[in-house]
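Data block below; observations after.
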Amino acid sequence: MRASAMALIPRIIAGELATFTHPFSLFCSNFRNVGYEGRRHFSSMLRIDFSSVNDIQFASFLFREMIRIRPQPSVAVFNKLLTVVIKMDCHSAALSMFDEMRASGIPLNEYTFSIIIHCYCLQNRVDIGFAILGSFFKLGYNPDVATFTTLIKGLFLDDKAVEAEKLFKKLLDHKICEPNDVMIANLTNGLCKAGSIRTACYYLELLAKMGYSANVYAYTTVIDSLWKGGMVEDALWLFRKMIVRGIFPDVITYTSMIHGLCRAGRWEDMLDLLHEMINQKLSLKAVNFNVFVNILCKKGMVKEGEDLVEIMMQQNVNPDIFTCFTLIDGYCLQGQMDRAKELLDSLADKGLKPDIFSYGSLMDGYCKGGKVNEAWHIFLEVHSKGLQHTTSTYNIMIQGLLREGRFGDGWKLFNDMEAQGVQPDLFTYNILLDGLCKAHQIDDAISLVHTMEERGVNPDTVTYDILISGLCNEGRVDLARDILNQLPSKGGSSSCETNAPDKSTWTGWSKIEQIDDESQSSIVCTARRRDPSGSASHASTQRGEKPVREWTGVSSRRAMHGASDALAQRSKRTLGGAIQEV
DNA sequence: TTAGGGTTAG
């Protein structure tokens, strides 16, 4: 049965190739019950092309059949299959197929060579790509804009941005080929990714003046890179410029630009552009709004976040679980626990299933507000909701208990966590370490650091911050100093991978070396990293926007607006001048 | 060939 069905395939392929003018379209009605390893079933009406071939075994099977059948499919069909195989990231398989095609005497064309150049570029072997380009000329083919685009892309992929730009310039200067929008988009994308945002802008302007039109992809890439590089004003300038040039922003361009304005704290501009996007009647989803709601809530502007949710609902865009999570977290950050709980409880009415992140956020809100029993109640509720606890939810709850001085309960929960097979992470150990230090169990704290190392969890700056402060508080200054002295060697050792702070990252270091033993304690305790964003791994910390819960008595709002102002100031050093010079 | 999402540690 299988053998006879398989025998049908060549006839189908050959027959359909003869019937259809489009060589890449195979009408495979008889693929039904072909029984390819019992896994392939095609609807009788299914019109497939190679893009629906998504596993390498089937692709290889088709390739072998194409090699075997007579009349043989055209090279265009082989090219199409090669492209599909490369898209599956099976580069070696594609190169083997190419070898077999050559060995079988299939007449290759320039597209085959371009596809293979592309394949080598994806393997970071742009050098071989150029070698093939040599054969290209020998065979009398003229590489087209697509081939050169592939090579430019290959150079960028291989971190050869300078060479990529040189090649582009050569093509332009010597009029070897006319750049099209795809080539320009690849050039600007590569330049931006390599950090040469100004150069990307330069080419956008130059090419526009030369009459070469860039597309929305190119403009969006540069706009996105500009604001992410702190140049929001330039991003806005380019955004307006593209419209003047008749290239209209799509939903991606709008969301990127609005995001930039949001990050820069330019709320009025952000709202203007948001309304402009809405008026464009683009197809918007919750995700297109969520990012802005998230930023507003994180900045403590929950009311504005709510307004934004209102706007999205007016557009018939329903909030999703992430929208709700964002608001819940925003309420928690402000200590509005009743509102947070109310929203969480109303999710089902909105047709949304609460997730573990929302519960985690709520628990944390309760813990930080000193309502550990409420948090514990939520913690217990999680299982009944069909959700599983994660390392993070355990961490939140353990920290809540330890901070209340409920050390026994905290450790009991840690044991439960391990018993449940939930892996402790760096957060867990730092929380436990802090608990031990606060409980004056400093020797246990030292042991815990060894334990975590043994378990493959590398201590970080937070770990040492806690431990050294703990030691100083207990009067164990010598040991604190010893540990601090060991940090540089740890950080630089390849055998011990750790992101521990090194000497230069501690502002307290030079002072510690100068002071006498009696006064060390207080000074060592003030040692902090010089650059708080330098080695932080948390995304919001990296942006210097880590929110501070209201009840800590520290307002982060002012600091954050300060950061926005700084960003705005930076953006005033505009690129406009450079752009207009072209 | 363009963007965008999550809770926790000092």
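Each chain gets a letter, A, B and so on, in the order its sequence line appears, and its residues count up from 1.
- Among the protein residues, A/N294 comes within range of no part of the nucleic acid, since none of its heavy atoms lies under 4.0 Å from any strand.
- Closest to the side chain of A/T221, from the set B/dT1, B/dT8, B/dT2, is B/dT2.
- Across all strands shown, A/T255 has heavy atoms under 4.0 Å from base atoms, whether or not it also approaches the sugar-phosphate.
- For the side-chain contact (heavy atoms from CB on, under 4.5 Å) test, residues two or more places apart in sequence or in another chain that qualify with A/N294 are A/K298, A/F322, A/T326.
- Residue A/H389 contributes atom NE2, which lies 18 Å from atom P of B/dT7 at whole-angstrom precision.
- Following rounding to the nearest Å, A/I398 (CD1) and B/dT7 (C1') show an atom-to-atom distance of 15 Å.
- With respect to the salt-bridge test (charged N to carboxylate O, under 4.0 angstrom), the residues A/E374 and A/K368 do not qualify.
- Of the candidate nucleotides B/dA3, B/dG10, B/dG4, B/dG4 has the atom lying nearest to any side-chain atom of A/H259.
- For A/F379 and B/dT7, the CZ to C1' distance is 13 Å, given to the nearest whole Å.
- The phosphate of B/dG10 has OP1 or OP2 within less than 4.0 Å of a side-chain N or O from A/R403.
- Residue A/D329 places its side chain closer to B/dT7 than to any other of B/dT7, B/dT1, B/dG4.
- Using a 4.0 Å heavy-atom distance criterion, A/K228 is classed as a sugar-phosphate-only contact.
- Residues A/M363 and A/W376 form no side-chain contact, since every pair of their non-hydrogen atoms from C-beta on lies 4.5 Å or further apart.
- Side chain A/N395 to base B/dT7: no donor-acceptor pair is found below 3.5 Å.
- Each of B/dT2, B/dT1, B/dA9 was ranked by its minimum atom distance to the side chain of A/T220; first place goes to B/dT2.
- When each of B/dA3, B/dG6, B/dT7 is scored by its nearest atom to the side-chain atoms of A/F322, the top-ranked nucleotide is B/dG6.
- Put simply, CD1 on A/I223 is 14 Å from P on B/dT2, counting in whole angstrom units.
- For A/S256 against B/dA3, no side-chain N or O and base N or O form a donor-acceptor pair under 3.5 Å.
- A close approach under 4.0 Å does occur between a side-chain nitrogen or oxygen of A/K368 and OP1 or OP2 of B/dA9.
- Side-chain atoms of A/S361 and base atoms of B/dT7 include no donor and acceptor less than 3.5 Å apart.
- Separating the CD1 atom of A/I295 from the P atom of B/dG6 is a distance of 12 Å, rounded to the nearest angstrom.
- Across all strands, A/I466 comes closer than 4.0 Å only to sugar-phosphate atoms, never to a base (heavy-atom distances).
- One interatomic measurement links the two molecules: OH of A/Y464 to P of B/dA9, which rounds to 21 Å at whole-angstrom precision.
- The existence of a salt bridge linking A/E404 and A/K438 is excluded, since no basic side-chain nitrogen approaches an acidic carboxylate oxygen closer than 4.0 Å.
- In terms of modelled atom types and a separation under 3.5 Å, the side chain of A/N473 and the main chain of A/S469 share a donor-acceptor contact.
- The listed nucleotides are B/dA9, B/dG4, B/dT7; the one nearest the side chain of A/K298 is B/dT7.
- Note on A/D320: a base of the nucleic acid sits closer than 4.0 angstrom, heavy atoms only.
- In this entry the distance linking NZ of A/K299 with C1' of B/dG6 reads 18 Å, nearest Å.
- Using a 5.5 Å limit on the distance between ring centres and a 30° limit on the angle between planes, the aromatic ring of A/F357 does not count as stacked on the six-membered base ring of B/dT7.
- Residue A/N288 places its side chain closer to B/dA3 than to any other of B/dA3, B/dT1, B/dT8.
- The listed nucleotides are B/dA3, B/dA9, B/dG4; the one nearest the side chain of A/I252 is B/dA3.
- One can place CG of A/N458 at 16 Å from C1' of B/dA9, the figure rounded to the nearest angstrom.
- The two residues A/K299 and A/C262 have their closest heavy-atom pair at NZ-O, 4.2 Å.
- Set against B/dT8, B/dA9, B/dT2, the side chain of A/Y217 has B/dT2 as its closest nucleotide.
- Aromatic ring centres of A/Y394 and A/F379 lie closer together than 6.0 Å.
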